[in-house]
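Step one of this worksheet: look at the structure below.
Chain naming here is simple, since letters A, B, ... match the order of the sequence lines and numbering starts at 1 in each.
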Amino acid sequence: MSNTAPALKEWPLWEVFIRSKQGLEHKHCGSLHAADARQALQMARDVYTRRQEGVSIWVVPSAQITASEPDDKAEFFEPMGDKIYRHPTFYEIPDEVGHM
Amino acid sequence: MYTQAMDIPDGQPAALKPVPKDINAAEAELQKRFDARIDADGRIEPQDWMPEAYRKTLVRQISQHAHSEIVGMLPEGNWISRAPSLKRKAILIAKVQDEGGHGLYLYSAAETLGTSRDQMFDALHTGKAKYSSIFNYPTLNWADVGVIGWLVDGAAIMNQIPLCRCSYGPYARAMVRVCKEESFHQRQGYESLLQMMKGTQAQKDMVQDAVNRWWWKCLAMFGPPDADSPNSAQGMRWGIKRLTNDELRQKFVDATVPQAQVLGVTLPDPELKWNEERGHWDFGAIDWDEFWNTVNGNGPCNKERLATRVKAWNDGAWLRDGALAHEAKQRARTMKEAA
């Protein structure tokens, strides 16, 4: 059954970010195809918030996202590995000081 | 879910990356790191290196899963206009819409592996890709809709819960979302059958008849016995599969027998018997010839389902093209105004 009509081309891909409630940040929740931003918003509403999962939606063209290189993971992130003095637990404080 | 567009930062073609001098040594090192991560029960994300066979297996499994959700809308969609009450109609519309959503989550997950939506649709529409054979059987009456929710979705949940721990991140995340929503599907089906079982003898007979027709097909949904599924071991090794076909099937039978008792129906298997020693229900032999016959395209509804799906896709072409044309026109207009 190869009578499928060829489309002009695929609708572009969008990344969807949802704020689940007032006071929380928008969080990446998935992606979808849509012809333009307005349609992407409406589809994100239908695909990702059918059960009131959100109060606000951002859509971003996927092609606009720049990601860090997986090959550079080590040199990119590891320099922070030995800087334990950036954490509060690095510092010994006498018990009698109480909570600090 | 991450997307394949994030694989290549800044629009740099992947081919421009420097080629390692000794490809085999580099590959062996990558394979070693991949295996170590799998052994540590870690997750693989789209940007990570993965063996080609792992990628191919996932593309096949996730796209088949997506196709199943989309084709699965058809047998139930037929009943939306025939639902016995406004309440049942609203519930059924919500359920069918969920199935469409599940298909979309899964297509997105598969796309992170480098396949395109159009490629997957093409594979489905030309009959190259498989989908769950359960949808190649007809829904003869309203009781079938309840039984699909209870048994077909029940079997699907059994299969999908372990997939929430799948080693491939985007697939696992899609499954978490699907499982949350699928629970409503099973409960609404069971509750609708409970209602029918409080009705007339004719209604009770309808439920029993539907259970009789669907039971064995649901058991076959878990796939061939472990002894006959050579790919299972590899899937388990990769952390894609967490439980074997037979383990999942047994879990489903054990969970369903007490539900059938509460509902007041019998399951059509004279060999169904509690095995004290095993602590499980024993059950009879599945007709695998019938299963393979349906998988290979000769079930009662294979042709009809595919034809309906292809027609829907072709009939929607003007809308897909029109939306793109509209976007291009709007963009051109905005640029002209800005100039």
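The environment of A/Q52 atom CD is sparse: at most 12 non-hydrogen atoms of other residues, nucleotides or ligands sit within 6.0 angstrom. Heavy atoms from other residues, nucleotides or ligands lying under 6.0 Å from NZ of B/K32 number 12 at most.
Between the NZ atom in B/K180 and the CZ atom in A/R51 there is a gap of 10.5 Å [rounded to 0.5 Å]. The structure places OG of B/S116 at 7.5 Å from NE2 of A/H33, a figure rounded to the nearest 0.5 Å. A distance of 4.5 Å separates CG of B/D98 from CZ of A/R50, quoted to the nearest 0.5 Å. A/S68 contributes atom OG, which lies 7.0 Å from atom CD of B/Q47 (distance to the nearest 0.5 angstrom).
For A/E53, the part sitting under 4.5 Å from any heavy atom of chain B is the side chain, from C-beta outward, and nothing else. B/Q97 touches chain A through backbone and side chain together, each having a heavy atom under 4.5 Å away.
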Give the C-alpha distance, both sets of side-chain angles, the deciding distance and a yes or no for side-chain hydrogen bond (donor to acceptor under 3.5 Å, both in side chains) between A/Q39 and B/H326.
CA-CA 11 Å; A/Q39 194 192 27; B/H326 175 73; over 6 Å; no

Step by step, would you call B/E111 with A/L13 a side chain to side chain contact (heavy atoms under 4.5 Å, CB included)?
CA-CA 10 Å; B/E111 285 174 77; A/L13 196 63; 4.1 Å; yes

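The backbone N or O of A/Y48 lies less than 3.5 Å from no partner atom in the side chain of B/Y105, so there is not a single donor-acceptor pair. Looking at B/S108, its side chain does come within 3.5 Å of a backbone N or O of A/S31 through a donor-acceptor pair. Judged by distance alone, the side chain of A/E10 and the main-chain N or O of B/D118 form a donor-acceptor pair under 3.5 Å.
Per-residue counts of heavy-atom pairs under 4.5 Å with chain A were compared for B/E327, B/R117, B/H102; the largest is that of B/R117.
Heavy atoms only, all atoms of each residue included: B/L324 and A/P12 are closest at CD2-CD, 4.1 Å.
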